[in-house]
Amino acid sequence: MKKRRLITSALPYVNNIPHLGNLIQVLSADVFARYCRLAGYETLYICGTDEYGTATETKAREEGITPKELCTRYYTIHKDIYDWFNISFDKFGRTSTDEQTEIVQSIFLKLYENGYINEQEIEQLYSEESDMFLADRYVRGTCPHCGYTEARGDQCENCGKVLDPSDLVDPRSALDNSRPVMRKTRHLYINLPAILPKLEAWMKEASVSGRWAHNALQMTHSWIRDGLKERSITRDLKWGIPVPLEAFAGKVFYVWFDAPIGYISITATHTSDWESWWRNPDNVELFQFIGKDNIPFHTVIFPSSLLGTHEQWTMLHHMSSTEYLNYESGKFSKSMGIGVFGNDAQETGIPADVWRFYMFYNRPETSDAVFTWDDFQEKTNGELIGNLSNLVNRTLTFVSRYYEGSMPQGAGSNPTFWAEVAEREAKITEFFEWAQLRSAFRAVFALSSLGNRHFQAGEPWKTRETDPDATAALLADLVYLVRDIAILIEPFLPETARRIAVFLGIEELTWSMLGTSEGITAVGRPEVLFRKLEDGQIKDLRERFSGSQADRAAAAKMDETFASSVRLVAARITDVKRHEKADKLFVEQIDDGSGAERQIVSGLVGFYEPEELVGKTVIVVDNLKPAKLRGELSQGMLLAAENEDRSIVEVLFLNDVEPGTQILLEGIDRTLEDPPVIDVDTFFSIPIEARQSVVRVADRPLTANGRQITTERVADGSVG
RNA sequence: GGCGGCGUAGCUCAGGUGGUAGAGCAAACGGCUCAUAUCCGUUCGGUCGGGGGUUCAAGUCCCUCCGCCGCUACCA
């Protein structure tokens, strides 16, 4: 009796539109689920959007709609994309449901009864105006580290320091601008260390029987080694699941606690019999498909939550974690809009099966992989069309042309050929069993290639009249091989498999048909399965979705960007001290002409002595967000040129330039009066270089009082 | 600087527990014509990032250096 298989793919966060890199997990689980169904396992594939949490609450607030409305909007986008890719979910649900509330609360209460939940009292900011505790990111104020006035309570966007909202100087509510007060609040923590012995006992066995990947195990172990502590599971938010304790009314669970439980609750929205899946470890195997960044949640946090209930749950059996898919020369990036997104794929006019083909042919199974348009074209034309599609086409065309579409009747099948096929099919099945999808897929193409060789070696176009009996037998073998290939690719290319089945007059493909030679009586004239990807088409797509094109455009106007975002001024160094707690840093007092005191920190120890700097006039980035370097405030940054190996660092000194003078780009002589505050990354995104001893941005030299700024020792190098 | 990952043929990638380097594509040549100028065969091609070590034997283990990516820092 085969076990039932419960399959999940990581729940995508609702307000992210998935790109090809994200789609891999959902597609992988789909292939596995389709395989399991064909192979006769009772299968359930569950996924859905993860909806609770501050991110959606904030975004909904900004747009003036309810979080639920926002989620519904995005849920539809997700669903459309997955539908287009033919993902065969048994249920694609969402986490904002009554079932989720009920199950999360009951799991929590079990943990609570079993003593794995602790509470701690902390002080948090509270808005009396809005009558609510403020989530970390709803508090704004002045960063205690760098002085940035718009710092958020969770993290200062300026200096990047992780903050506690209570650290903020002069805090205010981002909702109503009122001044929040400190108020005591209590939060609940799950005691993961207390559950650890159970977790380890379970993991020791599960990781072996489920054949967890080496890297997943290693990641889990290191996570346990240096990170396992009590984790807070509640928040003072509205958009979430209420904590079912009177003393905690008004609080909700933190998303990471409830999200994995979404797998269970979504099942519950699909069938009232959900416990037969999730509370049935003896008969159900759980396969989870995730990205490599998600491993600890599925190996530690979620299992711990379940183990802590002291009840029976269906726990993770096999985990398939994919690596990253990169795009052309870089990474897929949601924030920067780089790459191909789910909705883009639809608009290319390229069928879903072709996308699916390439995603699996090049699935990032054991290491990161790269999506390139050239490779996409090459693999599609060469393998999908030249190899597999061609075998189908040449075989079926031959039969329908020379045998009027009826199944050739010959001297019986070739046992040597079928022995080889059977061996390969067994291997492919084994790959499928452990979700080694890419290996399985490639092996199918190798099998197809074998078919092409068999066809070629048999030369039926020659023997058709000289030895009709043998020729008919050969063709019959090939037709059944085509049928087998249709079965084997169904999980990957469902639409294509269905079309081949139609040519062969087969209603339903199943794994048990593999290797058999019966059931087909007639062959229809096949239509071409795929159109080749043309050079011009690929070129257009590459340009349309090219990040580098945007980069080129940006580079072309880099000087403009610089002129409108970076303000450089001359400043005189009045004092230099060694930083007491740092080996490489000087702390300089400077006069920037404004009369105000100003301090900057520079990593010049070893390159300059203090007396070489005092009294000199240097160039300072004026509108850089202040930062604290090893405890000392740095309000700006001085410019220095360095050669390639950083063996020479040359501070850019100015002669006869008054402090406060703005440094300009030649040809763009406009001063910047009210510059935006920029962070270091923004600053460094615009390269300043020394070329032939002239300091430039793009090709424009920097000038002070109309004179070009030059270097003495570093003729060519970068400036920062 | 620290932690993690990676570096295998022109390209995209395979290579549990160490035992004479693999696939596909690209390139060159030849063959075939049933098939979407497709298919089949042959050849070419790598001191497995550099160096050192352990071993009878290392792409595979250890050390070190270099380069790239991610996170991070007294980067700037």
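Chain identifiers are assigned alphabetically (A, B, ...) following the order of the sequence lines, protein sequences preceding nucleic acid strands; residue numbering begins at 1 within each chain. What you see is a predicted model, and the numbers here were worked out from it, not measured in a lab.
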Audit row: A:Glu527, A:Arg499, side-chain contact (heavy atoms from CB on, under 4.5 Å) steps and yes/no: CA-CA 9 Å; A:Glu527 59 197 67; A:Arg499 289 170 68 193; 3.1 Å; yes
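- At the heavy-atom level, A:Arg401 lies under 4.0 Å from the strands shown only through sugar-phosphate atoms.
- Using a 4.5 Å cut-off on side-chain heavy atoms (C-beta onward), A:Ile500 and A:Ile485 make no contact.
- At the heavy-atom level, A:Leu396 lies nowhere under 4.0 Å from the strands shown.
- In this model, the phosphate group of B:G41 is approached by a side-chain N or O of A:Arg453 to a distance below 4.0 Å at OP1 or OP2.
- A:Tyr608 places a side-chain N or O within donor-acceptor distance of the main-chain N or O of A:Val651, the cut-off being under 3.5 Å.
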Quick one: do A:Glu420 and A:Leu450 satisfy side-chain contact (heavy atoms from CB on, under 4.5 Å)? Show the steps, please. CA-CA 9 Å; A:Glu420 170 77 20; A:Leu450 178 78; 3.6 Å; yes
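- Comparing B:C39, B:C34, B:U36 against the side chain of A:Phe455 picks out B:C34 as the nearest.
- Nucleotides B:G46 and B:G22 are separated by 11 Å at their C1' atoms, to the nearest Å.
- To the nearest whole angstrom, the two C1' atoms, one in B:A58 and one in B:U17, are 14 Å apart.
- Nucleotide B:C75: unpaired (no Watson-Crick or G-U wobble partner with both distances less than 3.5 Å).
- Rounded to a whole angstrom, the distance from the C1' atom of B:C6 to that of B:G59 is 14 Å.
- Between the side chain of A:Asn452 and the main chain of A:Asn387, a donor-acceptor pair closer than 3.5 Å is present.
- In this structure, OH of A:Tyr608 is placed 13 Å from P of B:A76, rounded to the nearest angstrom.
- Nucleotide B:U20 has no partner under the Watson-Crick or G-U criteria, as no pair reaches both atom distances under 3.5 Å.
- A:Gln436 has its CD atom 12 Å from the P atom of B:G16, to the nearest Å.
- Across all strands shown, B:G46 forms no Watson-Crick or G-U wobble pair with both distances under 3.5 Å.
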Could you write nucleotides 21-33 of chain B as a row of B, S and -, 5' to 3', where a protein heavy atom under 4.0 Å of any base atom gives B, of only sugar-phosphate atoms gives S, and otherwise -? ---SS-----BSS
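- Taking the P atoms as reference points, B:U43 lies 23 Å from B:U38, given to the whole Å.
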With the criterion being N/O to N/O and under 3.5 Å, what pairs connect the protein with nucleotides 43-46 of chain B, and how long is each?
none

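- The side chain of A:Ser389 has B:U36 as its nearest neighbour among B:U36, B:C34, B:A35.
- In this structure, CG of A:Leu529 is placed 10 Å from C1' of B:U36, rounded to the nearest angstrom.
- In the set B:A14, B:U36, B:C39, the nucleotide with an atom closest to the side chain of A:Asn452 is B:C39.
- Going from atom CZ of A:Arg578 over to atom C1' of B:C74 covers 11 Å, rounded to whole Å.
- For A:Arg438 and A:Tyr361, the positive end is not near the middle of the six-membered ring at less than 6.0 Å and at most 45° from its axis.
- Comparing B:A26 with B:C66, their C1' atoms sit 30 Å apart, to the nearest whole Å.
- The partner of B:G59 cannot be assigned: no Watson-Crick or G-U wobble pair with both contacts below 3.5 Å exists in any strand.
- Whole-Å rounding puts the A:Leu478 CG to B:C39 C1' distance at 13 Å.
- Counting to the nearest Å, the C1' atom of B:C34 and the CG atom of A:Asn393 are 10 Å from each other.
- Partner assigned to B:G4 is B:C69, using Watson-Crick or G-U wobble distances below 3.5 angstrom.
- Residue A:Ser449 has a polar side-chain atom (N or O) positioned under 4.0 Å from OP1 or OP2 of B:C40.
- Taking atom C1' in both B:G49 and B:U42, one finds a spacing of 32 Å when rounded to whole Å.
- With both ends at atom P, the span from B:C65 to B:A28 equals 44 Å, rounded to whole Å.
- Annotation: side chain of A:Ile709 is in contact with side chain of A:Leu654 (closest heavy-atom distance under 4.5 Å).
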What do the steps show when you test A:Arg525 against A:Arg401 for side-chain contact (heavy atoms from CB on, under 4.5 Å), and what is the final call? CA-CA 8 Å; A:Arg525 172 125 199 140; A:Arg401 178 175 302 171; 3.9 Å; yes
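- In terms of heavy-atom proximity, A:His318 sits nearest to A:Gly210 at ND1-O, 2.5 Å.
- Across the strands present, B:G41 finds its partner in B:C29; the criterion is a Watson-Crick or G-U wobble pair with both atom distances under 3.5 angstrom.
- Along RNA chain B, the nucleotide nearest A:Gly386 and the nucleotide nearest A:Phe398 are compared for position; the residue whose nucleotide lies closer to the 5' end is A:Phe398.
- The pair A:Arg598-A:Asp622 counts as a salt bridge, with a side-chain nitrogen and a carboxylate oxygen less than 4.0 angstrom apart.
- Between A:Lys427 and A:Glu430, no side-chain nitrogen of the basic residue sits less than 4.0 Å from a carboxylate oxygen of the acidic one, so the salt-bridge criterion is not met.
- Separating the P atom of B:C75 from that of B:U64 is a span of 25 Å, rounded to the nearest Å.
- The distance from atom CG of A:Leu450 to atom C1' of B:C40 is 13 Å, rounded to the nearest whole Å.
- Nucleotide B:A35 forms a pair with no other nucleotide shown, judged by Watson-Crick or G-U wobble geometry with both contacts under 3.5 Å.
- Taking atom CG of residue A:Leu474 and atom P of nucleotide B:C39, one finds them 18 Å apart after rounding to whole Å.
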Let me see the working for A:Phe376 and A:Trp355 under ring pair (Phe, Tyr, Trp, His ring centres under 6.0 Å), right down to the final yes or no. CA-CA 9 Å; A:Phe376 180 50; A:Trp355 288 103; 4.9 Å; yes
